[in-house]
Amino acid sequence: MIRRIATRAAVVPAVMAVAAAAALTVTTAPSAYAVGENSQCTHNWSNFGATVSKNAWNYRSGPSTGYKSLGYLYRGDKLTVMCSKGSWDYAKITSSKSGIRKGTQGWVRSDGLVNLAG
């Protein structure tokens, strides 16, 4: 078995790298509520575009079927997803065939969305 012996020249940069890493502070992203999105969100997204892939897909006031429906979304409707909680996405309508006003914000199940893009 060959054992490699570290030289002083190899150890010094490694020690400096560890010291530099220890000096860094860890920061976390602000909560969704802090950046102006829904307080129920658990994951923030960079406002990505999505297309509805189902017909008569409920657009709700909260992230579960227990919340009231704001109306129905239809295949081809466009949304901007801002954040999520579990399998629900908090989104803003950018175009809708259903008559829900552009800019309306609400919750939609993520399994009814396609063409997710950042």
Side-chain angles (χ1 to χ4, degrees):
M1 181 168 138
I2 298 174
R3 177 183 278 179
R4 184 174 184 181
I5 299 172
T7 63
R8 180 175 168 83
V11 172
V12 172
V15 170
M16 290 177 64
V18 169
L24 296 176
T25 58
V26 176
T27 59
T28 58
S31 68
Y33 185 70
V35 293
E37 293 158 0
N38 195 290
S39 64
Q40 296 184 59
C41 292
T42 54
H43 299 288
N44 290 319
W45 303 111
S46 296
N47 296 338
F48 61 85
T51 303
V52 177
S53 65
K54 313 264 184 177
N55 278 322
W57 202 243
N58 266 306
Y59 196 51
R60 296 191 176 273
S61 61
S64 81
T65 57
Y67 288 88
K68 78 174 190 161
S69 176
L70 301 174
Y72 292 108
L73 299 172
Y74 292 92
R75 185 176 292 123
D77 287 354
K78 305 286 185 198
L79 305 169
T80 299
V81 177
M82 298 175 280
C83 60
S84 65
K85 179 179 183 176
S87 61
W88 291 83
D89 291 327
Y90 185 66
K92 177 172 51 176
I93 294 180
T94 56
S95 71
S96 174
K97 302 174 198 170
S98 67
I100 300 174
R101 209 175 60 225
K102 180 180 178 179
T104 301
Q105 296 179 0
W107 292 87
V108 61
R109 289 263 322 208
S110 57
D111 56 344
L113 302 178
V114 294
N115 296 336
L116 304 175

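Note that these values count all heavy atoms, side chains included, but never hydrogens, waters or copies made by symmetry.
The list of salt bridge (charged side-chain N to carboxylate O under 4.0 Å, His left out) pairs with a residue in residues 102-111, not counting sequence neighbours, reads R109-D111.
Defined by atom type and a distance below 3.5 Å, a donor-acceptor pair is missing between the side-chain atoms of T80 and N47.
By the 4.5 Å heavy-atom criterion applied to side chains, L79 and L73 are counted as neighbours. Taking the side chain as every heavy atom from C-beta outward, Y59 and T104 approach each other to under 4.5 Å. Between R60 and W88, the closest side-chain pair of non-hydrogen atoms falls below 4.5 Å. Looking at V52 and R75, their side chains never come closer than 4.5 Å, going by heavy atoms from C-beta outward. In this structure, the side chains of K85 and W107 come closer than 4.5 Å at one or more pairs of heavy atoms.
Heavy atoms only, all atoms of each residue included: L70 and G106 are closest at CD1-CA, 4.0 Å.
Taking the six-membered ring where tryptophan is involved, the planes of H43 and W45 are tilted, since the angle between them lies from 30° to 60°.
Although no hydrogens or angles enter the test, the distance criterion places no donor-acceptor pair under 3.5 Å between the side chain of S84 and the main chain of C41. With hydrogens and angles ignored, the 3.5 Å screen pairs a side-chain donor or acceptor of S110 with a backbone N or O of S87.
Expressed to the nearest 0.5 Å, how far CD1 of I100 lies from CD of Q105 amounts to 13.0 Å.
Hydrophobic clustering, defined by side-chain heavy atoms of Ile, Leu, Val, Met, Phe, Trp and Tyr closer than 4.5 Å, groups Y72 together with Y74.
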